[in-house]
Amino acid sequence: MISLGAIGLTVVHLVEPDMKIDGATLVLAAIAVVPWLGDLFESIELPGGAKFQYRKLEERLEAAEERAEEVRQAVNGASRQARVALVASGTESLRGKSAEEVVRRLQDEFTDLRRRMPSGPERTYRQELILAALVRLTPQLEEFDIAAALVSADGGTRLTAYARLYACPEGEFLPALVEAAAEEVLPFAQFWALHAIAAVIDAVGPDSVQLATVRRLRACLARIPQTAVDRIQSLRAILGRLEDAVGGL
């Protein structure tokens, strides 16, 4: 709009019989092309002292937008953890059923939910309710093969393993958990796999984590989409603790 307006004024200025190409015409012509020169110049100064700055302004705007998105994602991630913690602090009514039966129902519900409901806040909220119930129930399971669940093709089963290790961290499963998190294809499940990793590291201590595990987590970070700020921040926090423990290796 700026360019077209300035070009129009330039044309009017030129077609007038008494008009000549003077300083005003040149200024208008310069204004017309100014918006298109940002890729070439950092700033342009016109007669009279008017100065246009591009790159620094664009960089500041982009940085501000990125920071706002990071803050929003961080707040969302913290809110999700808080909601799950609040719900998980209750007690699950089994209503005459065993914990195993309810867990299987929750796994099926998770799979069905992802199949019939599009991605969005409502689906995320319902998934959080399922996860919170799994966090409460999985410690009650008498027989649960965590290693097998971590490599299961079923997303609900993998989520159950993450919930179990989040509720009851066991250091022996850390390498398998890290591998599962790195290969996880469901964003919601990967988010909680990372939090399960953090819980296990809290239990065993950063000094006990092998360097190979740190390297696998670094490779995982490189594969997470840049738009997934919540997962990136969670993994960076984990890596920061581990790298401090192993001397920045």
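Hydrophobic clustering, with ILVMFWY side chains joined whenever heavy atoms are under 4.5 angstrom apart, keeps Val151 apart from Phe110.
When all heavy atoms are compared, the tightest approach of Arg241 to Ala198 is NH1-O, 4.1 Å. Taking each heavy atom of Ser152 and Thr157 in turn, the nearest pair found is OG-CB, 3.6 Å. Here the closest non-hydrogen pair linking Arg164 and Leu141 is NH1-O, 4.0 Å.
Exactly one of Leu221, Val209, Val214, Ile201 qualifies for a side-chain contact (heavy atoms from CB on, under 4.5 Å) with Ile238. That residue is Ile201. A side-chain contact (heavy atoms from CB on, under 4.5 Å) with Leu106 holds for exactly one of Leu134, Leu159, Thr160, Thr138; it is Leu134.
The line from CG of Leu113 to CD of Glu122 is 8.5 Å long, rounded to the nearest 0.5 Å. A distance of 10.5 Å separates OG in Ser208 from CG in Leu242, rounded to the nearest 0.5 Å. For the atom pair Leu131 CG and Glu128 CD, the distance stands at 8.0 Å (nearest 0.5 Å). Note: Leu194 CG to Arg231 CZ = 8.0 Å, rounded to the nearest 0.5 Å. Atom CD1 of Ile197 sits about 7.0 Å away from atom SG of Cys220, to the nearest 0.5 Å. Note: Leu235 CG to His195 NE2 = 10.5 Å, rounded to the nearest 0.5 Å.
Looking at Glu100, its side chain does come within 3.5 Å of a backbone N or O of Glu142 through a donor-acceptor pair.
In this structure, the side chains of Asp202 and Pro169 stay at 4.5 Å or more apart for every pair of heavy atoms.
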Kindly list each side-chain donor-acceptor pair under 3.5 angstrom involving residues 174-189, sequence neighbours excluded, with atom names and distances?
unit_1 : atom_1 : unit_2 : atom_2 : d
Glu179 : OE1    : Arg216 : NE     : 2.8
Glu179 : OE2    : Arg216 : NH2    : 3.1
Glu183 : OE2    : Arg216 : NH2    : 2.8
Glu183 : OE2    : Arg223 : NH1    : 3.2
Glu184 : OE1    : Arg158 : NE     : 2.8
Glu184 : OE1    : Tyr162 : OH     : 2.6
Glu184 : OE2    : Arg158 : NE     : 3.4
Glu184 : OE2    : Arg158 : NH2    : 2.8
Glu184 : OE2    : Leu186 : N      : 3.0

field: CA sep, side-chain torsions, deciding dist, call: Arg105, Glu101, salt bridge (Lys or Arg N to Asp or Glu O under 4.0 Å)
entry: CA-CA 6 Å; Arg105 177 182 60 79; Glu101 290 176 311; over 6 Å; no
field: Worked verdict on Arg236 versus Leu239 for side chain to side chain contact (heavy atoms under 4.5 Å, CB included)
entry: CA-CA 5 Å; Arg236 282 178 176 169; Leu239 284 169; 5.6 Å; no
task: Start with the C-alpha gap between Gln127 and Arg114, add the side-chain angles, then the distance that decides, and say whether side chain to side chain contact (heavy atoms under 4.5 Å, CB included) holds.
output: CA-CA 9 Å; Gln127 290 178 140; Arg114 294 191 59 84; 2.9 Å; yes
task: Evaluate the criterion side chain to side chain contact (heavy atoms under 4.5 Å, CB included) for residue pair Phe191 and Asp230; output intermediate values, then yes/no.
output: CA-CA 8 Å; Phe191 177 85; Asp230 54 350; 3.8 Å; yes
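The side-chain hydrogen bond (donor to acceptor under 3.5 Å, both in side chains) check on Thr111 picks up Asp154, with sequence neighbours excluded.
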